[in-house]
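Worksheet: the structure to be examined is printed underneath.
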Amino acid sequence: MLNRKLRILFLVLCMIGVLVGISNAGFASGIVRVSSTFPVLIDPATGADFQSIMAIVNLYDPLISMDYEGNIIPHIADSWNVSPDGLTYTFHLRSGIKFYDGRELTAEDVKFSMDRTLAIGEGNAYIWRGKIKEIEVVDKYTVVFHMETVFGPFLNSLLSFFIVNKDLVKENITTGSYGDMGDYGKTYILDNAVGSGAYMIEDFKRAEYLLMKKNPNYFLAIDPLAPDQFKMIASTEEVAVKTMMANRDLEMTNIWMTGETLEFLSKIDGIELCELTLGNQEFFTMNTTRPPLDDIHVRKALAWAFDYDAAKKLVPASSQPKGPTPQILSGSCPDCFQYHRDLEKAKAELKQSKYYGKFDQYPIEAVWFSSVTREKMTMLLMANAAEIGLNINIIKTTWSLLSQNVTKPETTPFMYLIQYNPAYPEAISLIEGRYHSRGAGTWAQGEWLRDPKLDKMIDDVLSTPDKDERYAKTREVAKYIVDLCPSIFVIEAPSRSAYQAVYMDWPAAKGEVVPAAYNYQYRMRFIKMYPEKREALLKK
């Protein structure tokens with residue numbers, strides 16, 4: 001046993017040495033290094049997970065943006081107008097915006113980017129599929145979106161639509177499944193950014209790190225003190241992250257650190273915690289196609305058996321969710337039914353199940369990844385299930401493997417713990433991404449619910465232009481989902497991470513945050529760095 005522990009300690013120390021070497025390589029006068037899960041997908045048509053979005057918001061530009069008060073503001077589009085019937089959106093673009101290769105961004109690129117997103121059908125394509133009829137290029141700087149149907153939150157949704165370089169993509173097409181467009185440049189964009197963002201790729205080793213540098217030709221102002229480089233490092237191992245933070249070889253931790261680790265780091269001189277309420281919710285998916293979870297009584301039994309109070313203790317400042325969406329989002333459901341731990345009700349549900357008396361023939365597997373906290377949550381689920389006679393085996397997986405397995409119902413795990421962030425700041429954004437059938441086959445939909453009535457209800461919400469009416473309908477949809485019990489809503493919690501506050505001025509840590517919008521808090525051009533203060537800390 002001692003030899004085994006020594007081998008593990010040796011491996012951890014080796015990992016720390018490698019990561020510190022990676023983090024120190026090419027240290028610039030101002031650099032932000034963040035620990036992250038990998039892989040990172042830098043293609044805005046495919047990347048929609050947390051770490052991919054963190055990269056995308058720096059490498060690409062959206063058509064429109066949002067300020068800290070939640071108001072839509074110009075970005076690529078300088079102005080726009082909407083037809084009275086809500087079916088035509090005309091955008092007027094800024095002139096002189098340059099891609100990395102120096103070519104000017106035009107209306108053709110906007111059309112191509114959305115056409116490409118819809119054709120590929122991954123990432124956030126579900127948001128616009130079936131809603132956009134066609135896109136018309138009027139002239140070099142004018143593009144018109146003709147809608148198939150009224151899409152109430154369309155402008156908000158464009159916060160997650162980013163523009164790619166049409167010519168560069170087409171120059172790098174290889175054989176693929178998209179007709180004349182081959183692979184639509186997907187292979188090329190695995191390693192190469194084709195945007196116009198404030199940062200551009202300097203070096204990218206897919207399994208190790210992504211290093212970006214400031215774009216000298218960016219069309220908007222970049223603070224002179226903004227970091228010259230931004231580096232995402234493939235590590236969520238807590239010992240390694242603590243060591244790098246203490247040595248000032250890392251500026252920000254990922255958001256999956258345990259409360260114990262964050263508490264430890266907060267006591268180090270110069271390190272502070274950033275706590276952001278951005279619409280984060282952790283939940284267990286339940287694959288409704290796999291016995292015994294295809295039985296609603298089994299799903300409800302697990303929801304009654306789960307210890308929500310114990311779960312909250314694992315994540316500081318967390319609360320039990322009310323329904324499928326966080327309360328910060330417009331249209332959330334403050335009066336949705338909440339399960340609580342009640343073993344008698346859980347057992348009563350099991351007695352109504354068609355599998356009652358045969359549960360030993362239907363073991364359930366729950367997988368976890370990314371963090372020690374998620375492992376503890378999954379172990380809690382296993383222990384709670386055992387109390388009512390259900391056998392759950394827990395398995396560690398990787399983000400990459402999970403993403404591959406969720407494409408089919410039969411390979412999707414029985415259960416897994418996940419966080420899904422809104423693509424735009426409305427509750428219906430989360431609900432559509434999580435439960436509408438057109439999003440089935442993605443990591444966000446481990447439930448495989450595919451309920452026609454629910455689909456119709458969601459579509460009705462999306463086609464409602466009046467926001468108050470839309471929010472009221474959204475609340476009814478949330479109640480319907482809770483009645484189906486396809487998921488266990490575990491905790492609603494702020495995003496918590498540690499950062500080097502002495503030499504890093506991070507607006508998000510001061511509350512300057514675009515509300516619940518697509519990881520905009522990680523836009524490096526708004527951060528200020530003071531490397532001389534870092535040097536002073538190192539000399540202490």
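Being a predicted model, the structure only gives us computed values, none of them experimental.
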Open item on the list: If I take atom OH from residue Y522 and atom CD1 from residue I53, how far apart are they, to the nearest 0.5 angstrom?
Closed with: 11.0 Å
Task: side-chain hydrogen bond (donor to acceptor under 3.5 Å, both in side chains) against N393, all qualifying residues, sequence neighbours excluded - done: none
Task: Which residues share a ring-ring contact (aromatic ring centres under 6.0 Å, His included) with H297, sequence neighbours left out - done: none
- [ ] Could you tell me which residues satisfy ring-ring contact (aromatic ring centres under 6.0 Å, His included) with F337, sequence neighbours excluded, listed by chain and number?
- [x] W304, Y339
- [ ] Return yes when atom NZ of K456 has more than 12 non-hydrogen atoms of other residues, nucleotides or ligands closer than 6.0 Å, and no otherwise.
- [x] no
Task: Whether T236 side chain and T37 backbone form a donor-acceptor pair below 3.5 Å - done: no
- [ ] Evaluate the ring planes of F162 and Y520, with Trp represented by its six-membered ring, and classify them as parallel (under 30°), tilted (30 to 60°) or perpendicular (over 60°).
- [x] tilted
- [ ] With sequence neighbours excluded, tell me which residues meet side-chain hydrogen bond (donor to acceptor under 3.5 Å, both in side chains) with R129.
- [x] none
Open item on the list: Could you report the tightest heavy-atom contact between C274 and A509, atom names first, then the distance?
Closed with: SG-CA, 3.6 Å
- [ ] List in chain and number order the residues that pass side-chain hydrogen bond (donor to acceptor under 3.5 Å, both in side chains) with D309, two or more places apart in sequence or in another chain; answer none if no residue qualifies.
- [x] K312
Task: Expected output: side-chain N58 to main-chain G197 donor-acceptor under 3.5 Å - done: no
Task: Salt bridge flag under 4.0 Å for residues E469 and K473 - done: yes
Open item on the list: Would the distance check show the side chain of R341 and the main-chain N or O of F306 forming a donor-acceptor pair, the cut-off being under 3.5 Å?
Closed with: no
Task: Partners passing ring-ring contact (aromatic ring centres under 6.0 Å, His included) against W399 (at least two apart in sequence or in another chain) - done: F369, W443
Task: Sequence neighbours excluded, every pair satisfying side chain to side chain donor-acceptor pair (under 3.5 Å) that has a member inside residues 476-496 - done: E275-R496, N280-S495, D335-K479, R434-S487, Y435-S487, E447-S487, D451-Y480
- [ ] List in chain and number order the residues that pass salt bridge (charged side-chain N to carboxylate O under 4.0 Å, His left out) with E122, two or more places apart in sequence or in another chain; answer none if no residue qualifies.
- [x] K186
Return all side-chain donor-acceptor pairs below 3.5 angstrom for residues 354-365, not counting sequence neighbours, or 'none' if the list is empty.
residue : atom : partner : partner atom : Å
Y355    : OH   : D294    : OD1          : 2.9
Y355    : OH   : D294    : OD2          : 2.9

Open item on the list: Has E349 got a side-chain atom pairing as donor or acceptor with L302's backbone, closer than 3.5 angstrom?
Closed with: no
TODO: Examine W128 together with F145 and report whether their ring centres are nearer than 6.0 Å.
DONE: no
Open item on the list: I want to check a possible cation-pi pair here: K242 against F264, using under 6.0 Å from ring centre and within 45° of the ring axis as the test.
Closed with: yes
- [ ] Verify whether one side chain among S437 and D455 offers a donor that lies under 3.5 Å from an acceptor in the other.
- [x] yes
Task: Partners passing salt bridge (charged side-chain N to carboxylate O under 4.0 Å, His left out) against D459 (at least two apart in sequence or in another chain) - done: R438
TODO: Ignoring hydrogens and angles, tell me if any N or O in the side chain of T474 forms a donor-acceptor pair with the backbone of R470 under 3.5 Å.
DONE: yes
Task: Partners meeting side-chain contact (heavy atoms from CB on, under 4.5 Å) with S266 (sequence neighbours left out) - done: E263, L273
- [ ] Under the side-chain hydrogen bond (donor to acceptor under 3.5 Å, both in side chains) rule, collect the residues that match up with R290, sequence neighbours excluded.
- [x] none
Open item on the list: Could you check whether N405 and T411, counting side-chain N and O atoms only, form a donor-acceptor pair closer than 3.5 Å?
Closed with: no
